[in-house]
S.K.: 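Here's a structure for you.
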2 protein chains.
Amino acid sequence: MARGADLAKLAALLADETRAEFCLALLDGRAWTGRELARHAGVAPSTTTEHLNRLVAGGLLTERRQGRHRYVQLAGPHTAELLEHLIGHIQPGPGRPRTLRSAATSAALARGRTCYDHLAGRLGVAITDAMLGNGLLDHAAELALTSTGRTWLTTALGVDPADLRPGRRPLTRACLDWTERRSHLAGLSGAHICRRLHENEWIKRIGTSRAVRLTPAGEQALHRLLGLESLNDDQ
Amino acid sequence: MARGADLAKLAALLADETRAEFCLALLDGRAWTGRELARHAGVAPSTTTEHLNRLVAGGLLTERRQGRHRYVQLAGPHTAELLEHLIGHIQPGPGRPRTLRSAATSAALARGRTCYDHLAGRLGVAITDAMLGNGLLDHAAELALTSTGRTWLTTALGVDPADLRPGRRPLTRACLDWTERRSHLAGLSGAHICRRLHENEWIKRIGTSRAVRLTPAGEQALHRLLGLESLNDDQ
DNA sequence: GTGTCGGTTCGGCGTGCGCCGAACCGACGA
DNA sequence: TCGTCGGTTCGGCGCACGCCGAACCGACAC
C-alpha cells in the first residue's frame, strides 16, 4: 500500500514553518498573491514560488493566474477543515502568548474570526447558541437546520433558497473551535451566514487578518434577529 | 502568535515515512512494543527509539514501560481522528495498488477494519446503515443514538449502561470512511459495539493487521440483530 | 519605446535530520 | 551467576531541503 509514504508526503507539506504560515494566512478564505504571502512570512519571492509550487502540486492550494499576478487560495472547505483540525491538536504550550501585540491579536481572534468561509471564535459560538435557543438549529446529534431555521435564513437573512439545495457540501456541519472548545455552525449554512453578515456590513475584517469586528449595525441586527446582547464589550 | 511554527512542528511529526508508518500501524488501537514497530517499518532499534521519543514528546503517542518492554499507543481517539482525517486527504494516486499482495490487503481493509477503536470499512458502514434503518440511530444532522438505540445497545449487545454515560467523549460521532466515502458510527457507542463484537467473537482480526473478518457466528448474529445479509461474499 | 513590478529559474550555501553500528544498561530466564 | 534480549545513548555519515541572490521573463503604465 505504501500508505506511510503518502501520509508523510502530505504532512511534509505543512511541516515547514513558512508553508504553514502561508496556509494559516489563507485560512481567511481569500486569494492571496505571491508577493503578499512573501511579505507576510518574511521570505524572498523566489522562496515563495518554490513553496507555492509544492503546495499546489500537493493539492492543498489552487492557483489562478491573472495578468502578472499569481493568486492562490485553499483548495476548498475540506482543506480548511483539515487545517483547523490540526490547529486543534496543537497542545497549549506554556508561556504563550509572549508579546503584547500577539496577545492583542489572539484576543481579537478569540473574539471573532472567519474560519475559511464561516464564523468562529466567541462570535461564531454565540450565533450558533442563539440559533439553537431560537429553534433554528436542532441539537439532536450535532447541528441540523430546522424548517424554521431554513425560512429564517431565506427571509430574515435574505439567503437565496436555491443556494440551500443540498449539493456536494453538507448543509450544516459542526466545527470545533480551538479557542472556545465549543462547536459552532459550519457547512453551507455557516458560509451563507458569514457572507450575508459581510454584505450587510454587520461584521468587518480587522485590518487584513482573519479577525472580524461586530459593527454597531451588526450588534443591533443580531439583537433583533437572534436576541443577542453585547458581544463586544465583555473582555 | 508564532502559530505557524507550532503547526509545522506538529506536521513534522508525521512528515517522516517511518514515523507515519508507525502511526498507521498504531491505528489498530493496540499497544505495540518498539521491537515490533522496528521490524514493521524495517529500521534499526536505535532509530525506532529516536522516533518514538519524538512522537511521545509531541503528544501523539503515550508510552507504558513494563519490564524491559516499552509499549506505545496512540494518545487517544482524538489522535486517531486526526490521522483518519489526514488519510482521507491523500489524493488517490495513479497506479495504486501495485502488487497482488497489496491489492489483497487493500480489499480486506475495505471490507472491514478497525479505526482505532470502532469499526470502519464496508462492515462499519453496513452496521451504521442498518442501525439507521432500524431506528437505533437518528440521521437528523449526523448520527445520534435514539432511545431505542440505547436500549438495544444494553440489551441486545450487552453493553453496561454505566458505560454509556456522557463523559468527555461524545456518545456518537460520525467518522468519514476513506474507502467508502461514507459516514459510519464512531464515538463511545462505536467503540462499545466494536468491543462487544470482538468479545463475542463475531469478528476476528486478520493476522495482526487492522483488517477484520466476520465469523459465521457473527454473520448470524448481525442478521438476527440488525437484519444484515451476506457481507462477506460480495466482492 | 522604456521603466517598473510580480513572478520564475538556477546555482550554491548551510544545516537539520534520518539512518546506522557500536557500546552500554537493565530485566528476565536458565 | 551468566547469557539473552529489548531498549538506549552516542558518534558519525550523507542526503534532502529551505534559503538567498542574480539573472531573466512577461505584463502593465507612461
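Owing to the predicted nature of the structure, the values given are computational and were not obtained by experimental measurement.
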S.K.: In whole angstrom, give the distance that lies between atom CZ of B/Arg65 and atom C1' of D/dG7.
M.R.: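 Distance check: B/Arg65 CZ to D/dG7 C1' gives 8 Å.
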S.K.: Rounded to the Å, how far apart are B/Glu36 CD and D/dG6 P?
M.R.: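 So the two atoms are 10 Å apart, to the nearest Å.
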S.K.: Rounded to whole angstroms, how far apart are CZ on B/Arg39 and C1' on D/dG6?
M.R.: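 Distance, rounded to whole Å: 11 Å.
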S.K.: Look at all strands and tell whether A/Thr48 reaches a base, only sugar-phosphate, or nothing, counting heavy atoms closer than 4.0 Å.
M.R.: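 No contact.
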S.K.: Using atom types as modelled and distance alone, determine if a side-chain donor or acceptor of B/His89 lies under 3.5 Å from a backbone N or O of A/His78.
M.R.: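 Answer holds: yes.
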S.K.: So how far off straight is the helix from C/dG1-D/dC30 to C/dA30-D/dT1, going by the axes through five pairs at either end, to 10°?
M.R.: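 Nearest ten degrees gives 30° for this helix.
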S.K.: Rounded to the nearest angstrom, tell me the gap between atom NE2 in B/His69 and atom P in D/dT4.
M.R.: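 For the pair B/His69 NE2 and D/dT4 P, the rounded distance is 17 Å.
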S.K.: Sugar-phosphate means primed atoms, P, OP1 and OP2; the rest is base. With that split, encode nucleotides 18-30 of chain D 5' to 3' as B, S or - using protein heavy atoms under 4.0 Å.
M.R.: SBBB----BBS--
S.K.: Check whether A/Asn200 reaches the backbone of A/Trp202 with its side chain - one donor and one acceptor, N or O, closer than 3.5 Å.
M.R.: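 No: the side chain of A/Asn200 does not pair with the backbone of A/Trp202.
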S.K.: Closest heavy-atom contact between B/Ala31 and B/Glu36?
M.R.: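 That would be O-OE1, 4.5 Å.
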S.K.: Rounded to whole Å, how long is the line connecting atom CG of B/Leu55 with atom P of C/dC17?
M.R.: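 Atom CG in B/Leu55 sits about 14 Å away from atom P in C/dC17.
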S.K.: Atom CD of B/Glu21 to atom C1' of C/dG18: distance rounded to whole Å?
M.R.: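 Checked: the CD to C1' distance equals 15 Å.
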S.K.: Do B/Leu10 and A/Leu86 come within less than 4.5 Å of each other through their side chains, counting heavy atoms only?
M.R.: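 They are in contact (side-chain heavy atoms under 4.5 Å apart), so the answer is yes.
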S.K.: Side chains of B/Val159 and B/Leu164: closer than 4.5 Å at any heavy-atom pair?
M.R.: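 Sidechains of B/Leu164 and B/Val159: in contact.
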S.K.: Rounded to whole angstroms, how far apart are CD on B/Glu63 and C1' on D/dG6?
M.R.: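 Checked: the CD to C1' distance equals 14 Å.
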S.K.: What I want to find out is whether A/Arg65 reaches A/Glu63 closely enough, with some N-O distance under 4.0 Å, to be called a salt bridge.
M.R.: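 Salt bridge present between A/Arg65 and A/Glu63.
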S.K.: Roughly how many Å is it from CG in A/Asn53 to P in C/dG7, rounded to a whole number?
M.R.: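 Atom-to-atom, A/Asn53 to C/dG7, this comes out as 12 Å.
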S.K.: Is a side-chain donor-acceptor pair under 3.5 Å present for B/His51 with B/Arg54?
M.R.: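 The criterion, which ignores hydrogens and geometry beyond distance, is not satisfied for B/His51 and B/Arg54.
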S.K.: Is B/Lys204 salt-bridged to B/Glu201, going by a charged N under 4.0 Å from an acidic O?
M.R.: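 A salt bridge is present here (some side-chain N lies under 4.0 Å from a carboxylate O).
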S.K.: Can you see if the side chain of A/Arg35 gets near the phosphate of C/dT4 - specifically, an N or O under 4.0 Å from OP1 or OP2?
M.R.: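 So the side-chain polar atoms of A/Arg35 never come under 4.0 Å of the phosphate oxygens OP1 or OP2 of C/dT4.
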S.K.: Could you tell me whether the side chain of B/Ile90 reaches within less than 4.5 Å of the side chain of A/Arg3, counting heavy atoms only?
M.R.: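 Contact flag for A/Arg3/B/Ile90 side chains = yes.
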